[in-house]
Structures are given as structure tokens and as C-alpha cells.
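Presented below is the structure to which this report refers.
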Amino acid sequence: MIEFESNREFPDLLGTLQPFAAIDLGSNNFHVIIAMERPNNRWQIIDRHKELTRLAQGIDETNVISRQSLNRALRALERVSQRLRNLPRRNIRVVGTHTLRAANNAYEFIRQGEEVLGHRIEVISGREEARLIYLGASHSFEHRSRNRLVVDIGGGSTEIVQGTQFQPHVLQSFHMGCISLTDKCFADGKMTPKRFRRARDVALDELQPFRFLFRSRPWDVAVGTSGTLQAVQFALNGLNSTKLITYDRLTQLIEKLCKLGHVEKITDDICNQNRAPVFAGGVAIADAILQTLDIQELHVTDGALREGVLYDLLGRTQKKDIRETSVQDLIARFHIDTEHCQRVTETALELFQQVQHAWSLDELEEKNLLRWASLLHEIGMDISHSKYHRHGEYLLQHLDLAGFSQSDQRRLAILVRAHRRRFPLELFVENPALSKLASLLRLATVLRRNRSDEPTPTYCLNVNDSGLDLKLPRDWLRDHRLTLMDLQQEVAYMRSAPYQLTLSVTTNSDRGAN
């Protein structure tokens, strides 16, 4: 089922203006939102598109998405791709949520989906999803309150965030959504008081360990977002009334649903027929949340994950990238030697510049990834110097890093793991192009291993048929025999890498040092 709010084509309409697009591949729906930036960091929405996929319903007991569900989702992406034509590639971000985090065959869908869309699909963690939801809801909810609680009930997960204005403080993602709870408690469509009690108890069991965490931080207003809570609000108040959910009225709605007895009897004045099959699960989760957190009034807003992605994307283009903040926080938290890692970073970026054209490296994303890996390559030393590159890999893969997708964290972790000793070729099977950045980081760490302010020589890195050739002055090598030995060892390590390394000697002195 497809729902359109607009059917416009953009190039003629927008002229030279550049729109931004956020695509949310949720467990129940795929959403596309396209917007223009306006003054004061506000958006003018110019198009929306929604595809009902119910991807989460296609997961079996082994956490595998069925072929039928995959094909349905891929067909949806084919239609979504039409909305992305002629938009600047760097103004588009595609994120996947709970189902793509949980499914064992998510990689298959992601690989095929990226081919269909022509864009990278980023699977984000539950906490990152919560952060983006809070960002979208806070920007769209006009209220003077500083302290806010934001609730989002999705198809496969539920996010609850407490924060101040646009800054989240407590973020939690729960493994329950309207689809998963419906499958567990209302699979045959029957709605009875007993089933609602069971569904509420299941939800309460998930929420209870975090009850004190949220209630210990006061909020001035509670805000609900997403299709589930919008549907609940409509069922309670109708289309044009105040967007508000109260516990008493929610209890009355449950009684009304129980009197109907079956989801097939839910009428359009209660819930859209597309959402009706999973409506009971969403209502039960809302009931449990209001009870657990003692929420008297839950305001409902339109802003959600996709709007949060837009604001985050805008921040990246305006040099307010939250990922930069995450990296700086890690540098401080794990006591990284900033002066040394900055020198390694500068050398890595110089090497990047020399091979960028020959290797067709992206000026923005791949350069940023190399820079962050260079700044963080010694993060594991805060645990132990022995095998610190392995400690660093583990930390970067498992820490919650605001702004980073799971795949980007994995790429960052791989670069840190691969920056020294044996080249771990097995880590690059799914992303062979990443080995190019790993080669550059390895060379930068060798050239800067002396950890001093001494300038590097005038070197030249060239791409050849076998890989890389590094040219260094003869005089400098003669005066830096330990570095020469390290470089020769690196040549041996790189024999197992996709790109071999060779050393060449020039007769230039190092008078033109960097």
C-alpha cells in the first residue's frame, strides 16, 4: 500500500535550490521526506512518501526475513528511488532501524537495496535512533518547556528519551514494537481484556528496570511521536482536536477495542485500515508507558526519526557534525595522546591527498573516516599497550557513538584494528575498498612512530599496478635507520594485503621537509 502527499517532480520546481532527503526504513513503513532549508534552521517540507512494508512481520523464529518480505521491501525501494532522482547525493541519507538491526539476513537486503536506491543504507543503533527521534520531535514540537520526555512506538522497537531542549540526556531503545507485541499477544486478531493485560505485562516487564532512571529526571512535558501514537491520538480525539493522549481516555479506548473483539471490526473512525492489524499492540505499549512513567498527558507531534535525520544531515553540511563531538569525547575519555595522533592524522591526510585521484577516494566521507581513525588509532592504549589495536577495535565497534551508523562504527573499528602488525585481510571481505584507507593509516603511523615534532621528509606516494610505491630521500633514510627498518617490516606485512607496498629512494635531501 502506498500513500502520497505529493506527486511533484523537483528539478523544474526548485531550479538551483538544493533539497535534502531523509529515508527511514522502519519495521512497519518506509518513509521519505524531502525538504528545503529555511532561515533559523527550519525546514519547509516539499514532499512526503510512505510505503507500507511491515518488514518486521516477515521475520521468522530464526530472525530471518522471508524472501517474500524482502521482495516486497525491494519493490518499495524501487518506487522510493524515483523520489531521489536529481537530488544531490550528499544531501541524501538512508537509515535502517530495528528490523535491519535484528535480522540475520539483513546484509542481503542492504546489499540489494543499495543497488536499487543507488545510495548507502546505514543501519543505526537503538540509542542513535533514539537520539535522532528526540532531535526530530524537539524541533517540531512548539513548547516553551526546557525538560522533555519523548516517546516513539515503532513497529519493532520503542524509544524513550529524556532531555533538555535539543540535548538528550537519557536514551533507551526497547526491543518491543506494535508489530512484535501484536504477534505475541494478538496474533489471531482477537482483542480481549485478558490479552490486553498480558500485552501490558509484557511491555511492563521491558520497561520496569528503567522506571527509576527516567522518573528520577523530571520533565515539564511528555511528547509522543510516530505513526502508532498518532493513530492512538486519532482514535481518542478525532482528526481536528487537541493532539493529546491521557491515561483515562486510553483505558476507555482499550475497553472499546475489547467490545469490538477482533481487529477486523476496527473501523476507519478508530484507526486507518492499514494500521488496524497491529493497532492493539501499539495501544498496549502506550498503556504500559503511561502507567510506568506516570504520564498524565502525552502530547503528540509529527516530528520523528526522519525529521531528526534531516536536522542531523544539515548539521553535517554546516560543519556542526555530531560525529566530530563524539570523536573529541572519546579522545578525552580514553586519554589519547592528542599531539601524537594529530601528527599521524596530518601525515595520513597528506598521503590521502597524493593518491586520492588515482584511487578515486571520496573527498568527504572517506577522508573523514581516515581522519577519525587516525585521531582514535591509539584509543585501545587506555586498556593496555599489548594488542592495543585489538582493544581499540572492540571499543569502537561496541561503544554508542552519536551520529555514527553501525556500519560506519564497524569501518572505523576495522581501520584501527588494521593499522599495525599483521594485515587482517579477512576483515575486508565485505568492504575491500576500505583496505585503501587502512594502507594509508599504516604508513602514517610508521612515518610518525618516533612520536616527535621532527618534520617528515619530502616523500611521494604513487599508485602502481601492484599497489603503492613510497619514495623517500636517501639522505633521510640513512639518518633514520630505525624508520627504514620499520618501513621494510611494513613491506613484509603488506604482502598479504590487497595493495602491495614498495620503497624507492630519491637523491633529494630533506631540505624541503614538510
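Only heavy atoms go into these numbers, but all of them, side chains included; no hydrogens, no water, no symmetry mates.
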Any side-chain heavy atom of [X] sitting closer than 4.5 Å to one from [Y]?
| X | Y | value |
| --- | --- | --- |
| Leu207 | Ile160 | yes |
| Leu310 | His139 | no |
| Phe20 | Pro88 | no |
| Val32 | Lys50 | no |
| Leu87 | Ile34 | yes |
| Val161 | Ile133 | no |

Once the angle between the rings of Phe174 and Phe214 is folded into 0 to 90°, is it parallel (under 30°), tilted (30 to 60°) or perpendicular (over 60°)?
->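 Phe174 vs Phe214 ring planes: tilted.
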
With no hydrogens and no angle check, do the side chains of Ser140 and Thr301 hold a donor and an acceptor under 3.5 Å apart?
-> yes

Would you say the side chains of Arg75 and Asn71 form a donor-acceptor pair under 3.5 Å?
-> no

Would the distance check show the side chain of [X] and the main-chain N or O of [Y] forming a donor-acceptor pair, the cut-off being under 3.5 Å?
| X | Y | value |
| --- | --- | --- |
| His419 | Val416 | yes |
| Thr228 | Ile153 | yes |
| Thr182 | Cys178 | yes |
| Ser405 | Glu122 | no |
| Gln273 | Ile266 | yes |
| Ser435 | Ala438 | no |
| Gln409 | Leu399 | yes |
| Arg148 | Ser138 | yes |
| Asp60 | Thr62 | yes |
| Asp268 | Asn272 | no |

Proximity of His389 and His377 rings by center, below 6.0 Å |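 When the ring centroids of His389 and His377 are compared, they turn out to be at least 6.0 Å apart.
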
Is the ring centre of Phe166 less than 6.0 Å from the ring centre of Tyr134?
->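 Ring centres of Tyr134 and Phe166 not closer than 6.0 Å.
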
For the pair [X] and [Y], find out whether any cationic side-chain nitrogen is under 4.0 Å from an anionic carboxylate oxygen.
| X | Y | result |
| --- | --- | --- |
| Arg48 | Asp302 | no |
| Glu393 | Arg390 | no |
| Glu365 | Arg89 | no |
| Arg411 | Glu366 | no |
| Asp47 | Arg83 | yes |
| Asp408 | Arg120 | yes |
| Arg195 | Asp188 | yes |

How far does [atom1] of [X] sit from [atom2] of [Y], to the nearest 0.5 angstrom?
| X | Y | atom1 | atom2 | result |
| --- | --- | --- | --- | --- |
| Asn28 | Leu55 | CG | CG | 10.0 Å |
| Leu253 | Ile270 | CG | CD1 | 7.5 Å |
| Asp400 | Arg127 | CG | CZ | 4.5 Å |
| Leu52 | His31 | CG | NE2 | 9.0 Å |
| Phe186 | Thr192 | CZ | OG1 | 7.5 Å |

Decide side chain to side chain contact (heavy atoms under 4.5 Å, CB included) for His299 and Val221; before the verdict, give the C-alpha distance in whole Å, the side-chain angles of both, and the deciding distance to 0.1 Å.
-> CA-CA 8 Å; His299 298 260; Val221 62; 3.5 Å; yes

Go through the steps to decide whether Glu129 and Arg101 satisfy the test salt bridge (Lys or Arg N to Asp or Glu O under 4.0 Å), and finish with yes or no.
-> CA-CA 11 Å; Glu129 182 179 355; Arg101 289 195 294 268; 3.0 Å; yes

With a 6.0 Å cut-off (strictly less than), is the heavy-atom count around [atom1] of [X], excluding the residue itself, greater than 12?
| X | atom1 | result |
| --- | --- | --- |
| Arg215 | CZ | yes |
| Phe428 | CZ | yes |
| Glu363 | CD | yes |

Within residues 155-166 or reaching into it, pairs that qualify as side chain to side chain donor-acceptor pair (under 3.5 Å) - sequence neighbours excluded = Asn147-Thr164, Ser157-Glu159, Glu159-Ser173, Gln162-Arg217, Thr164-His169

Please test Glu128 against Arg131 for side chain to side chain contact (heavy atoms under 4.5 Å, CB included), starting from the C-alpha separation and ending with a verdict.
-> CA-CA 5 Å; Glu128 176 64 3; Arg131 184 187 72 85; 2.8 Å; yes

Show your reasoning for whether side chain to side chain donor-acceptor pair (under 3.5 Å) applies to Asn237 and Arg249.
-> CA-CA 9 Å; Asn237 305 311; Arg249 298 201 67 191; 2.4 Å; yes

What do the steps show when you test Gln112 against Glu108 for side chain to side chain contact (heavy atoms under 4.5 Å, CB included), and what is the final call?
-> CA-CA 6 Å; Gln112 296 180 54; Glu108 178 185 355; 3.2 Å; yes

Pairs satisfying salt bridge (charged side-chain N to carboxylate O under 4.0 Å, His left out), at least one member in residues 273-287, at least two apart | Arg200-Asp287

Start with the C-alpha distance between Arg316 and Glu324, add both sets of side-chain angles, then the distance that settles salt bridge (Lys or Arg N to Asp or Glu O under 4.0 Å), and finish with yes or no.
-> CA-CA 9 Å; Arg316 294 183 182 187; Glu324 297 287 354; over 6 Å; no

